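Taking it in order: structure first as structure tokens, then the write-up.
Keep in mind that this is a model prediction, so the values were computed, not measured.
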Amino acid sequence: MLLSQYTISNPTDSQCDMTEPFSHLVQPSDLTRDAERNRLLAEMAEQSTDMISRHTPEDWRFIYASPAVTHLLGYEVDEIIGLSAYELYHPDDVEDFKRRSPTVSYERGLYTHTYRFRRKDGQYTWLESTSRSIRDQDTGELKEILVVSRDASHRIETEQANQRLARVLERTSDLVTFITPDLKVSHLNEAAQNTLLLHQIKNDQLNLANLLTKESFDVLSEQGLPAVKEGKPWCAELNMQGGRQEAIPVLLELLAHYSFHGQLEYFSLVARDLSETKQVQAELKRYQDEINHASRLVAVGELASGLAHELNQPLTAIVNYVSGIQRRFGNQDQIAWSELAFPLKKVSDTAMRAGSLIHRIMNFTRKQEPHRELIRLSDVVPDLIEFCAAKAEKHQVRVVNRVKDTSLCVYADRIQLEQILLNLMINGIEASGTISESDNKDAVWPEVEVSACLDNEGQVQISVSDEGEGIAEDVQDRLFEQFFTTKPKGLGMGLAISHSLVESHGGQLWAENRLTGGACFSFTLKHVREDRDR
Ligand code: ADP
């Protein structure tokens with residue numbers, strides 16, 4: 001029923017008539033027929049949770065308000081009668097309303113708007129009101145305004161929250177895409193359009209396959225979509241492409257969204273551009289490789305005088321063998337092979353030994369990409385002991401190989417493994433030894449032991465223990481810090497590098513003091529059986 005079809009009787013007479021608020025809207029002649037209808041209307045108004053109010057057209061004073069006013073605005077009905085709605089509008093809304101209400105409400109007769117209204121306690125609440133102008137049927141004169149208002153706070157808060165979310169989605173630097181269940185692109189945010197160079201193309205011409213590289217699309221279709229359809233979260237590092245030449249590495253999170261009735265509505269894809277992170281990681285790795293390489297050069301530099309001595313020995317031996325041959329056979333016209341065979345083999349073996357030492361130094365100092373392979377520990381340790389033999393002798397330390405189990409194999413980069421072991425062995429030698437000019441053959445030299453075993457978790461544990469003074473208490477927490485050293489000419493890089501190399505192999509490096517004195521540095525690496533695939 002349209003209330004406006006009723007004639008207005010006398011609004012001012014019914015200002016406080018709360019029992020029959022709508023009786024003025026009907027002709028006196030209709031009263032009998034409409035008495036019941038008026039009663040029902042009045043009852044509906046009284047019962048409604050929406051607030052029904054009548055206002056004077058000039059200044060919107062309340063002529064009538066239904067009891068819902070108490071719940072909505074905190075006023076008793078009597079209190080609000082006579083107040084002008086303009087007094088209660090939020091200052092930011094009143095001007096707008098004043099500007100718009102004459103054109104909308106008075107000309108078209110029906111006007112819905114949402115605004116903030118002051119409650120009795122001074123707080124503002126959002127109301128949504130539909131206002132209708134009531135006119136004299138004969139003269140067309142505006143008599144009063146009838147308004148139905150309801151609480152719109154919840155709707156406005158939800159709308160504002162949605163708008164905030166939408167703004168965040170649009171402005172975030174993450175690439176946000178919505179995909180329909182048949183994998184068509186329904187929305188790309190600004191970042192996605194710009195990064196994937198898709199601003200010229202309409203969304204409805206795109207599907208998911210256009211956004212990713214072929215390999216990444218396959219991964220997403222084969223793993224991501226089935227997972228999210230089962231309600232599991234799915235996240236992966238993939239490559240997006242769009243209209244670009246070069247793919248962009250992204251961390252992509254995929255979600256499936258369902259309707260209230262459990263129907264798949266759309267997928268959302270939120271991708272974080274990893275280009276910069278990847279670049280920084282690559283630079284860090286390059287930098288780390290440089291440091292590792294420099295540290296190997298330093299280690300070889302430290303061993304240089306010893307290595308020169310090591311090389312000098314076979315070279316001298318070769319010279320001696322050749323001089324012997326010259327002395328013995330120099331004046332003979334004919335030489336029997338059986339006589340030459342032995343000294344020549346000696347020359348060749350000794351030259352090979354010198355050659356292999358040079359080869360090892362070259363390998364150790366060469367700059368190369370890490371390459372992991374199966375390594376038998378019992379092969380590596382003797383070579384390293386030989387490598388630092390001269391230094392050990394200079395410090396009057398015996399380096400002992402206790403790795404007897406030839407089945408102990410690890411999967412590692414050979415050079416890096418040697419670098420870790422060599423750092424620990426050099427530290428052990430320096431910690432245990434004393435440099436003395438006197439060559440006391442009877443003195444018992446301290447030992448640096450290299451050992452290896454399987455630990456309780458089935459990992460290979462390699463230890464280098466020494467008979468030095470052990471690790472001082474104030475040094476323990478800082479051992480693995482870069483540039484931490486207690487040695488006058490130390491660099492403080494050896495343990496820091498060893499620590500990061502062990503971790504990059506998935507192992508751990510730690511130090512402890514031995515009960516019998518001295519320190520023991522141990523690290524773990526994954527055990528690999530020689531006959532097994534890794
Ligand atoms: P550097 O040898 O150049 O000092 P490292 O990183 O190898 O650098 O060692 C850092 C510090 O750790 C050493 O200066 C020393 O104080 C301590 N340290 C290392 N190995 C041992 C050890 N076997 N016994 C006692 N202290 C040690």
Partner residues of Glu159 under the side-chain hydrogen bond (donor to acceptor under 3.5 Å, both in side chains) criterion, sequence neighbours left out: Arg155
Can I get a per-line list of side-chain donor-acceptor pairs under 3.5 Å for residues 281-288, giving both atom names and the distance, sequence neighbours left out?
unit_1, atom_1, unit_2, atom_2, d
Lys285, NZ, Asp289, OD2, 2.8
Gln288, NE2, Asn292, OD1, 3.3

Carboxylate-amine/guanidinium proximity below 4.0 Å for Asp413 and Arg372: no
Side chain Arg376, main chain Thr406, donor-acceptor under 3.5 Å: yes
Residues Gln334, Phe329; criterion side chain to side chain contact (heavy atoms under 4.5 Å, CB included); working and verdict: CA-CA 9 Å; Gln334 285 191 336; Phe329 306 110; over 6 Å; no
Euclidean distance, Leu269 CG relative to Leu220 CG, rounded to 0.5 Å: 6.0 Å
Any donor-acceptor N/O pair, Arg296 side chain to Arg366 backbone, under 3.5 Å: yes
Residue pairs, two or more places apart or on separate chains, that pass salt bridge (charged side-chain N to carboxylate O under 4.0 Å, His left out) and touch residues 209-226: Lys214-Asp218
Side chain to side chain contact (heavy atoms under 4.5 Å, CB included) evaluation trace for Met425 with Val450: CA-CA 8 Å; Met425 286 158 71; Val450 185; 4.1 Å; yes
Pairs where residues 482-503 contributes a residue and the test salt bridge (charged side-chain N to carboxylate O under 4.0 Å, His left out) is met, not counting sequence neighbours: Glu430-Lys487
Student check: side-chain heavy atoms of Phe217 and Gln241 closer than 4.5 Å: no
OG-CG distance between Ser498 and Leu422, expressed to the nearest 0.5 angstrom: 9.5 Å
Test side-chain contact (heavy atoms from CB on, under 4.5 Å) applied to Leu196 and Leu212, Asn210, Leu211, the passing residue: Leu211
Gln476, CD atom: more than 12 neighbouring heavy atoms under 6.0 Å: yes
Contact summary for Thr114 and Trp126, nearest pair of heavy atoms: CG2-CE3, 3.8 Å
When the side chains of residues 339-349 are checked against the rest of the protein, which donor-acceptor pairs come out under 3.5 Å, sequence neighbours left out?
unit_1, atom_1, unit_2, atom_2, d
Glu339, OE1, Arg328, NH2, 3.2
Lys345, NZ, Asp349, OD1, 3.4
Lys345, NZ, Asp349, OD2, 2.8

CD on Glu449 to OG on Ser463, rounded to 0.5 Å: 9.5 Å
Pair Val380-Arg414, side chain to side chain contact (heavy atoms under 4.5 Å, CB included): steps then yes or no: CA-CA 8 Å; Val380 173; Arg414 181 177 292 271; 3.8 Å; yes
Leu225 vs Leu183 side-chain heavy atoms within contact, under 4.5 Å: yes
Gln193 side-chain N/O to Leu188 backbone N/O, donor-acceptor pair under 3.5 Å: yes
Flag if over 12 foreign heavy atoms under 6.0 Å of NE2, His257: yes
Heavy-atom side-chain contact between His527 and Val410 under 4.5 Å: no
Glu473 atom CD, neighbour heavy-atom count above 12 within 6.0 Å: no
For Phe484 against Val475, the heavy-atom pair lying closest together: CE2-CG1, 3.5 Å
Full working for side chain to side chain contact (heavy atoms under 4.5 Å, CB included) between Val448 and Val400: CA-CA 6 Å; Val448 168; Val400 187; over 6 Å; no
Residues, nucleotides or ligands: over 12 heavy atoms within 6.0 Å of Gln160 CD: yes
Aromatic ring pairing Phe364/Phe387, orientation class (parallel under 30°, perpendicular over 60°, tilted between): perpendicular
For Arg398, all residues meeting side-chain hydrogen bond (donor to acceptor under 3.5 Å, both in side chains), sequence neighbours excluded: Glu447
Check: Leu175 main-chain N/O paired with Asn189 side-chain donor or acceptor under 3.5 Å: no
Main-chain N/O of Leu495 paired with His499 side-chain donor or acceptor, under 3.5 Å: no
From Arg272 atom CZ to Leu274 atom CG, the distance as rounded to the nearest 0.5 Å: 8.5 Å
side-chain contact (heavy atoms from CB on, under 4.5 Å) against Ala519, all qualifying residues, sequence neighbours excluded: Asp466, Ile471, Asn513, Phe521
Note, Leu421 side chain near Ile462 side chain (heavy atom, < 4.5 Å): yes
Flag for Ser153-Thr125: side-chain donor and acceptor within less than 3.5 Å: yes
Donor-acceptor contacts, no H, no angles, side chain residues 244-252, under 3.5 Å, sequence neighbours left out:
unit_1, atom_1, unit_2, atom_2, d
Arg244, NE, Glu246, O, 3.1
Arg244, NH1, Thr195, O, 3.3

Any pair counted as salt bridge (charged side-chain N to carboxylate O under 4.0 Å, His left out), so long as it reaches residues 252-266, sequence neighbours left out: none
Partners meeting salt bridge (charged side-chain N to carboxylate O under 4.0 Å, His left out) with Asp455 (sequence neighbours left out): none
Presence of salt bridge, Arg478 and Glu481, under 4.0 angstrom: yes
Between NZ on residue Lys404 and SG on residue Cys453, distance to nearest 0.5 Å: 15.0 Å
For Ala511 against Phe480, the heavy-atom pair lying closest together: N-CZ, 4.3 Å
Under the salt bridge (charged side-chain N to carboxylate O under 4.0 Å, His left out) test, residues paired with Glu190 that sit two or more places apart: none
Heavy-atom pair with the smallest gap, counting every atom of Leu377 and Ala452: CD1-CB, 3.9 Å
Partner set under side-chain contact (heavy atoms from CB on, under 4.5 Å) for Val228, not counting sequence neighbours: Trp234, Leu254, Ala256, Phe267
Heavy-atom donor-acceptor pair, Ser216 side chain to Thr213 backbone, under 3.5 Å: no
Pro91 side chain reached by Tyr124 side chain, heavy atoms, under 4.5 Å: yes
Test item: Cys388 and Ile429 side chains (from C-beta on) under 4.5 Å apart, heavy atoms: yes
Interatomic distance, Ile497 atom CD1 to Leu509 atom CG [nearest 0.5 angstrom]: 12.5 Å
Test item: Leu255 and Val270 side chains (from C-beta on) under 4.5 Å apart, heavy atoms: no
Min side-chain heavy-atom separation Ile385-Val381 under 4.5 Å: yes
Any donor-acceptor pair under 3.5 Å from Thr524 side chain to Gln508 backbone: yes
